[in-house]
Amino acid sequence: MLYFAVRRLVSALLVMFAISVLVFLIFFATPGVDPAARIAGRNADQVTLAQVRHSFGLDRPLPVRYLLMMRHLLVDRDLESFVNRGSRVIPQIVQAVPVTLSLVVGAAVLWMAVGILMGTAAAALRGTAADPVIMLVGVIGVSLPAYWLGEVVNLITQKQLHDTVFSWVPPPGYVGLGRDPAQWALHMLFPWLTLSLLYAGIYARLLRGEVVTAMNEDYVRTARAKGLSERRILIRHALRCSLIPIVSLFGLDFGALVGGAALLTEVVFGLPGVGKLTYDALQNLDLPVIMGTVLYAAFFVVLANALVDVLYARLDPRARHA
Amino acid sequence: MTAHNTVADAEATRPLGDVLLRATDVSKHYALRSDEFTRRRKVLRAVDGVSLEVRRGETLGVVGESGCGKSTLGRCLVRLTDVTGGRVEFDGQDITALSGRRLRRVRPGMQFVFQDPHASLNPRRRAGDIVAEPLLIHGCGDAAAVRRRVAELFDVVGLAAAHLDRYPHEFSGGQRQRIGIARALATDPKLIVADEPVSALDVSIQAQVLNLFADLQDEFALTYVFIAHDLGVVRHVSDRIAVMYLGEIVELADTEGLYENPAHPYTQALMSAVPEIDDGSDGSGRPSRERIVLTGEVPNPAAKPTGCPFHTRCPYARDRCAEERPHLTATVPGRSVACHYPLTG
Amino acid sequence: MPDQPLPLQEPSDQPDQPLLDVRDLRVSFRTRTGPATAVDGLSLSVAPGEILGVVGESGSGKSVSMLAVLRLLTSPNVTVTGQVLFRGRDLLALTDKEMRAVRGREIAMVFQDPMTALTPVYTVGWQIAEQIRAHEPVSRKEAHARAVTLLSDVGIPDAASRVKAYPHEFSGGMRQRAVIAMALACRPALLIADEPTTALDVTIQAQILDLMRDLNARGSAVVLITHDMGVVSEIAHRVLVMYGGRVAEQGPRRAVFHSPRHPYTWGLLDSVPRVGGPRLRRLPTIAGTPVSPDSLPDGCAFAPRCRLRHEGCEERPELAASPDDAAHHDACRLPAGDRAALRLGARAPADETATAGEPDPSGEADQSGETDPSGETDPVDEADREMAP
């Protein structure tokens, strides 16, 4: 187990190192991007530029610059944004993480619950009219882009019907869970629904396929021959085995979303999460912030992978000693 | 063909010649993925020091239970897989050392028939193209010549010309195996290694395919290595038989002798375990019909016992068997046994 | 089960009354190419405590008929008709709930492939306990204890710790033992075993057959489905040979093996290479391929492959008792008299010109893609046989 954890940690560090180097190189290889010009402000003269370059270490060779940045980011933890002078990167990320976690965890609970329910129901009702109807709902969910759906939801709840049906919907934004749980939930409700709709559709479809396959397996026939009830066979045997691939997929999706992939939803609903932070930093080509968020995202994806492996072994005894 | 009534007649007319295939101390080891938690690396000795000779025109049967390494051995013999150690000589040439063009020149002479006629035929290609493929690879003549040859092969294995343009799924299991055999015959091989070619077939179809093997041998003077788990089938087709256990040959003997007087305790137990049809005829009962039910199961090949691989299940095992590995040694003419205390001979 | 002897036969079982009585069972499938008849009017009975061997090739309907008995054919495209009387009750008329109480408790079934028969994510003990708790109001602990006993009864060493193992930690033979242990959990009066040894090695097969014999000695009736004539010959009391979804021949084992009456049985017995007796260069064969359920002929299903067919075979033969043995039935239009002579006679007209490439005179219609006008045939060379070297 220790060996497993150490190996995972080393691979996480390697991945993060590789990604940071990549981001760094891409940034400096991009033409027309001179951080010094940005820092010095518009119309700065050559002397000022040179001074800025020197004080930020931008006149040193690339490897040194890389190490300096990493030291500021990871050791001194005082790396500053190139664009907004004085605003540090780490506190920005620390502030954004709870927002993203709120969004993704809530949506994940929703989409797993709805997805499993829909998928299992569709598989159980195979051969009846309900199956294609459920699947059609799933397809619609999958095919609505989150940003479009978010905009439509905003349009309806904030403008069209805001004075009548949706007067209870607060304006877009984020309220901390610690500050007011009710307001937190209220603010997150539509973002949750929007984000989970897509994933619920995907998971329902996948799970249905898995359960249908499982119901044709030999072990289900054995379970029938044992005299078990159809419900028990469906849930304890077929669904239980079908969850294994779903869970591994879930881990990957969850990791990516926490890492910032929920960006579109965050932007549409004005949630100051990691995705939004990355989005803004990208627009300003703010290298320190980009570097910070990318490393954070990479860390989460690798962590999610490790968690999936552990969870996988819990769910599937065959994976434990392989 | 004129039917040979019995095997004895056939053997009288089929010339048994020099050694066509010689395997010397052939091993095939697989490194298992190391355990993620303990980091121990295991080695699976699928084939472990096997030596044998196949004479021109004979059928050597290889029999054993699942996991005994018989299929892997078959693949080593025609270099479908590279050996870990030892050498295989085909027609006087060490094929384990060949590579590239020189290996390709030897390949037509030795062909392989697979167990599963379902999986070994490309489902997207027509039967005729499947059989033509080895001809095209080895550059045997122009398109017209290839077509003629394929039609001829179809005739030889008992398929109709109308079958040329059909896809594998349109054939029954027995017919698919015939396509596999036709493909193997295409390059005019001297040696065919067949790995469980009838085990997926129904009894009545199995008999038809076995007869086809017999007819082809008579017609084209083929040499077979016939791998199977069914002791009845192996006895039927083989002149000599190698019994394998955990990657080693434990006994190698003439078919008649092996079945009448097994010398290795494992062979004896294997023979006695076969359910025999009692149809009232005198010949159906074997000399000693005393059942020896082996206790336990075949050990994991990745954790092979020391000494004699069979000693953990052997009813006659003594102390020496756990310590010292017996080597395959000739006891009487036509029989070799790897046992410290053989039962006969 | 050492603590309590097996009360396998309930008081209602009279030895002269069949335990299982299947009457005119028909199973048909709706397929894309039209209806297919897998079981075509099958009648059979199993007496309490007997082992019935059901033999046949693939497509003979032997597995499907037993799945139909337990109502395990769940596809909506299947129609099952007829009567399946178990202890006098028609299983086909029971409600789903009543049927579930029969499955696993009164009739248990073991399937061919032990590798896939157990749910991979639960321990073997859990799955056995699940079976017990589905039918009996016992505590989890008690069910677990019984699982340990059952596992050790079927010969799994160190059962107390193996009960916590997952299926993938067992070898094939051990898994089949575990599956059998599970089937026996509620002491069923009838065990249906569908090719229980086909996926196993021959030495393991011998162990499993011993286990089934053991189980039968304790009073369970067994229906053993297999394609292996040797297995049937070793273990069955009575034998039923199926072809094309119908009974070709049935009777006491000795009668069927020593004086088989149906040409299909002859073919099955002759075409198996034996481990004893004379060795032949070529084997006697049955021409053609097994009949496919979607093209069953109106008459005798075996007629297209039969060497002794005549005009009468176009009419479907009924099961009739042998003149020598009232318990020995066959469905064949040959004269009931001296079948042994007919069997020898069928081998006589050996055709020396027969080769593997010769067109098949029986020439089944080539509709299904299964049948073949030229392959799979070595029509008549049975005369090759029976000459010891």
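The sequence lines fix the lettering, A, B, ..., with proteins before strands; numbering per chain opens at 1.
What you find for C/Met109 and A/Ala225 is that their closest heavy atoms are CB-CB, 4.2 Å. Of all the heavy atoms in C/Leu72 and A/Arg224, the pair that sits closest is CD2-CB, 3.5 Å. Of all heavy-atom pairs between C/His135 and A/Lys226, the closest is NE2-O, 2.7 Å. Minimum interatomic distance between A/Pro317 and C/Pro120 (heavy atoms only, all atoms of both residues): CG-O, 3.2 Å.
Neither the backbone nor the side chain of C/Ile192 has a heavy atom closer than 4.5 Å to any heavy atom of chain A. Of the two parts of A/Arg236, the backbone and the side chain both hold a non-hydrogen atom closer than 4.5 Å to a non-hydrogen atom of chain C. Only the side chain of C/Thr74 comes within contact range of chain A, judged by heavy atoms closer than 4.5 Å.
Checked by atom type and distance alone, the side chain of A/Thr222 never pairs as donor or acceptor with a backbone atom of C/Leu118 at under 3.5 Å.
Judged by a 6.0 Å distance limit and a 45° cone about the ring axis, A/Arg318 is not positioned over the six-membered ring of C/Tyr166.
Crowding of C/Phe29 atom CZ: a count of heavy atoms from other residues, nucleotides or ligands under 6.0 Å exceeding 12. Crowding of C/Arg133 atom CZ: a count of heavy atoms from other residues, nucleotides or ligands under 6.0 Å exceeding 12.
C/Glu130 and A/His237 share a donor-acceptor pair across their side chains, judged by distance under 3.5 Å alone.
Residues A/Leu315 and C/Val121 form no side-chain contact, since every pair of their non-hydrogen atoms from C-beta on lies 4.5 Å or further apart.
Among C/Gln127, C/Arg105, C/Met115, C/Lys97, the residue with the largest count of heavy-atom pairs under 4.5 Å with chain A is C/Gln127. Options A/Glu230, A/Met215, A/Arg232 differ in how many heavy-atom pairs under 4.5 Å they form with chain C, and the most are formed by A/Arg232.
Taking CZ from C/Phe111 and OH from A/Tyr219, the interatomic distance works out to 14.5 Å, rounded to the nearest 0.5 Å.
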